Amino acid sequence: MNTAVNESVAKSGDSSRPSGIKARFKSPVATPLRFVLFLIYGIPMLWIVLTSLKSPSDVISSQSSFVFIPTLDAYSEALSNSGLYTALQQSLVIATGTVVLTLLLAIPAGYGLARVDSRITTVGLGMLIVLQMLPQTSNVIPLYQIFGQWNLLNTNAGVIIADTAMLVPFGVLLMRPFFRAVPVALEEAAKLDGAGTFRTFFSIMMPIARNGIATTGTLIFLLAWGEFLYAVNFFLTPNNYPLSALLAQQVSAFGIDWPGLMALAVITSIPIMVLFAFTYRLLREGLTLGAVK
Amino acid sequence: MPHSIRRLASRRQLLFAAPAAVFLTIFAIYPLLQLMRMSVSDVTVSTLNDPWQYSGLENFQTDFASPAFGETVLNTVIFVTIVTLLGLAGGLGAAILLSKSGRWTGFILGLLVFIWALPPVVNGSVWKFLLGSSGLFNSIGLETGLTTQPIPFLFDDSIALYSVALVNAWAVIPFNALVFRASIMGISPEVFEAARMDGASRWEEIRHIIVPVVKPTTLVLLVLTVVYGFRSFDFIYVMTFGGPGVATTTLPFLGYIQAFVRFDFGLGAATAVIAVAMVIVLAVLYARSVRREEANS
């Protein structure tokens with residue numbers, strides 16, 4: 001979701017605490033309900049994997065929905081297509097480029113807006129919230145025209161810039177509370193020791209806020225990895241599509257090869273899975289700090 | 001608080017925001033102005049880079065006159081209502097279930113965060129498949145004899161909108177659940193212990209302790225979920241592309257279709273301007289609810 005950061009929500013709860021409430025007595029409905037919740041979210045995930053292991057003929061006959069002979073055909077076919085590697089590379093370039101550019105802009109901006117309380121700050125924050133909430137389907141219309149004029153269509157730079165413009169407001173609103181949490185006295189002490197504003201920022205504030213930077217970077221990466229609307233419209237041929245755009249294009253086509261598509265979905269998700277494994281904690285906390293999807 | 005000192009010393013820290021401000025002015029504000037200019041011009045894909053012909057409010061009039069526009073607005077209202085109600089209720093329910101340590105809790109929590117982290121295009125693809133004529137739901141229905149022929153979840157004009165809205169609600173619940181959960185976990189354990197000593201049941205705990213505590217959070221999430229539902233396009237794009245007909249087209253998606261499928265950029269821009277105006281109203285509501293909550297905390 002898109003959408004916004006909310007310091008107060010973050011303040012009101014700390015999800016890093018293992019468990020605030022201990023189950024003293026067992027509620028009879030809680031466990032079955034939890035199981036239902038598990039099914040609602042677990043089955044779709046299981047189904048992607050199962051389908052990707054089927055042969056196309058198994059998918060069409062509904063009898064073999066549950067019993068079938070697993071095959072890696074869909075994967076070997078997907079992996080033998082050189083287009084996949086190009087798409088994977090495109091995804092990596094676009095997501096990494098977006099993370100770098102967004103952080104370069106959002107970290108200092110988050111700091112500036114955290115430290116100055118003035119009218120400009122209020123107006124700036126309000127504009128960031130509005131920008132963050134704008135429908136992407138509205139942004140893509142003028143950007144397509146502007147990028148056409150500036151020769152940015154069909155380039156990675158165009159997609160990276162568009163993604164960054166979409167994600168900077170989110171990044172700033174997410175970084176700001178991390179800087180605000182740092183006591184002003186710390187900075188004043190640094191200043192008394194003769195450190196300038198820039199030096200204070202780089203050697204005092206940045207290291208303290210590194211958790212926030214990691215969280216923001218991870219979230220930006222996830223969002224940029226999944227973005228497909230700009231990619232589908234700004235790249236003039238599918239040859240340059242990142243994975244997400246390739247998937248979006250294939251799933252809207254007629255006569256879908258489902259095992260192939262699900263294999264592509266799994267391949268698209270693997271980097272997310274790896275990132276998830278390393279940053280679960282950050283994500284869980286970052287999620288409650290700022291919202292995105 | 002040494003407010004005055006901070007003020008004197010640090011106005012220039014606003015300079016740190018300058019690069020982002022410049023970037024956003026060029027790549028976010030300027031496009032928005034261009035969108036507005038486009039909405040009052042006669043622009044198609046072939047005249048996109050020529051000087052635009054000013055056409056006044058013609059695009060808006062065309063929009064309002066077309067029956068598809070009215071249907072799209074109605075779709076948007078139904079869609080946003082379903083996503084918001086289910087998203088909030090489901091999110092709170094899941095948060096309450098996961099606020100106690102117990103079997104499954106940690107695992108389900110991980111699953112929810114993972115689903116949230118997955119690209120929407122992946123989740124949309126799976127649901128398109130699950131809801132397809134040979135998908136899981138129809139297979140179960142056919143094999144158990146509940147249905148005699150596949151239900152066209154995504155191909156029937158009267159069902160498709162609800163299917164896509166349900167999937168969108170499914171997708172927003174993990175986020176809402178985590179935010180609700182954070183606010184429930186902020187309640188001190190002593191409060192629950194005291195309630196328990198007074199013999200309160202879990203249901204009474206939910207009604208009298210949890211619900212009042214999460215109320216301000218609900219207000220913020222309400223606006224966020226409405227905005228999420230309103231600007232959501234990925235599931236629509238992947239699952240139905242707005243069809244059949246305009247059955248699953250919401251207002252922001254209509255603008256996209258008009259510009260990139262029907263190549264009428266002027267008309268698409270007009271629809272997009274209406275969508276943007278609605279978002280600005282929501283953003284004001286959001287800013288107010290955040291400020292109110294900050295004042296309370």
Side-chain angles (χ1 to χ4, degrees), chain A residues 1-3 6 8-9 12-13 15 19-21 23 27 33-34 37-38 41 44 48 60 62 65 105 108-109 111-113 115-116 126 129-131 133-135 137-138 141-143 145-146 148 161 165 168 184 222 226 228 244 247-248 251-252 258 265 268-269 272 276 283-284 287-288 291, chain B residues 6 10 13-14 16-17 19-20 23 27-28 31 34-35 48 94 97 100-102 104 108 111 113-115 117-119 121-122 125-126 129 134 139 178-179 182-183 185-186 189 192 202 217 220 224 227-228 231 233 238 241 252-253 255-256 259 268-269 272 275-276 279-280 283 293-294 297:
Chain A
M1 172 168 48
N2 15 330
T3 301
N6 173 10
S8 38
V9 168
S12 63
S15 61
S19 163
I21 312 154
S27 157
L33 282 178
R34 262 183 221 141
L37 191 62
F38 165 70
Y41 285 92
I48 310 187
I60 292 160
S62 63
S65 284
L105 296 165
Y111 171 68
L113 292 177
R115 277 298 181 249
V116 181
I129 290 175
V130 171
L131 286 180
M133 287 183 170
L134 290 181
T137 44
S138 302
I141 297 173
L143 281 177
Q145 185 263 327
I146 293 168
I161 288 173
V168 160
V184 185
L222 292 175
F228 68 89
S244 54
L247 193 57
V251 75
S252 355
W258 283 111
T268 306
S269 311
I272 300 299
F276 175 81
L283 279 184
R284 214 177 55 183
L287 252 174
T288 58
Chain B
R6 184 157 127 195
S10 65
Q13 278 160 326
L14 215 47
F16 281 85
F23 184 90
F27 295 108
Q34 197 72 341
L35 181 76
L48 202 54
L97 282 176
K100 281 194 175 190
S101 59
W104 299 93
I108 298 175
L111 184 64
V113 179
F114 182 63
I115 299 261
L118 277 184
V121 59
V122 168
S125 305
V126 188
F129 179 61
S134 55
S139 298
L178 276 136
V179 176
S183 121
M185 299 303 270
F192 287 99
R202 177 66 174 156
T217 309
V220 172
L224 289 184
V227 173
Y228 167 80
R231 68 199 288 277
F233 68 90
V238 168
F241 207 73
F253 199 70
Y256 175 75
V276 167
V279 164
I280 291 176
E293 202 199 338
E294 270 174 0
S297 64

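The shown structure was predicted, so the numbers you read here are calculated from the model rather than taken from an experiment. Every chain is numbered from 1 and lettered A, B, ... according to where its sequence line falls, protein lines coming before strand lines.
Heavy atoms only, all atoms of each residue included: B/Ser125 and A/Leu247 are closest at OG-CG, 3.9 Å. Residues B/Val121 and A/Ser244 approach most closely at CG2-O, 3.8 Å, considering heavy atoms. Of all heavy-atom pairs spanning B/Phe27 and A/Ala165, the tightest one is O-CB, 3.7 Å. Of all heavy-atom pairs spanning A/Pro142 and B/Leu35, the tightest one is CD-CD1, 3.6 Å. Between A/Leu37 and B/Ala94, the shortest heavy-atom contact is CD2-CB, 3.9 Å. Taking every heavy atom of both residues into account, B/Ala269 and A/Ile141 meet most closely at N-CD1, 4.2 Å.
Residue contact with chain B, scored on non-hydrogen atoms closer than 4.5 Å, involves the backbone and the side chain of A/Ile161 alike. In this structure, chain B has a heavy atom under 4.5 Å from the side chain of A/Val168, while its backbone stays farther away. Heavy atoms of A/Leu131 lying under 4.5 Å from chain B belong exclusively to its side chain. A/Phe38 touches chain B through backbone and side chain together, each having a heavy atom under 4.5 Å away. Only the side chain of B/Leu111 comes within contact range of chain A, with at least one heavy atom under 4.5 Å from a heavy atom of that chain.
Of the listed residues (B/Ala28, B/Pro31, B/Ala20), the one with the most heavy-atom contacts under 4.5 Å to chain A is B/Pro31. If you tally non-hydrogen atom pairs under 4.5 Å between each of B/Ala272, B/Pro19, B/Gly255 and chain A, the highest count goes to B/Ala272. Counting heavy-atom pairs under 4.5 Å between each of A/Gly126, A/Gly112, A/Gly226 and chain B puts A/Gly112 at the top.
Applying the side chain to side chain contact (heavy atoms under 4.5 Å, CB included) test to B/Pro252 and every residue at least two apart in sequence or in another chain returns A/Pro135, A/Thr137, B/Phe230, B/Thr250, B/Ala275. Scanning for side-chain hydrogen bond (donor to acceptor under 3.5 Å, both in side chains) contacts around A/Tyr111 gives A/Glu187, B/Gln13, with sequence neighbours left out.
B/Leu118 contributes atom CG, which lies 9.0 Å from atom CG of A/Leu222 (distance to the nearest 0.5 angstrom). The distance from atom CZ of B/Phe114 to atom OG of A/Ser269, rounded to the nearest 0.5 Å, is 6.0 Å. Here the straight-line distance linking atom CZ of B/Arg231 with atom CE of A/Met133 works out to 9.0 Å at 0.5 Å rounding.
Under a 3.5 Å cut-off, the side chain of A/Arg115 and the backbone N or O of B/Leu14 do not form any donor-acceptor pair.
Side-chain atoms of A/Tyr41 and B/Ile108, non-hydrogen and from C-beta on, never get closer than 4.5 Å to each other.
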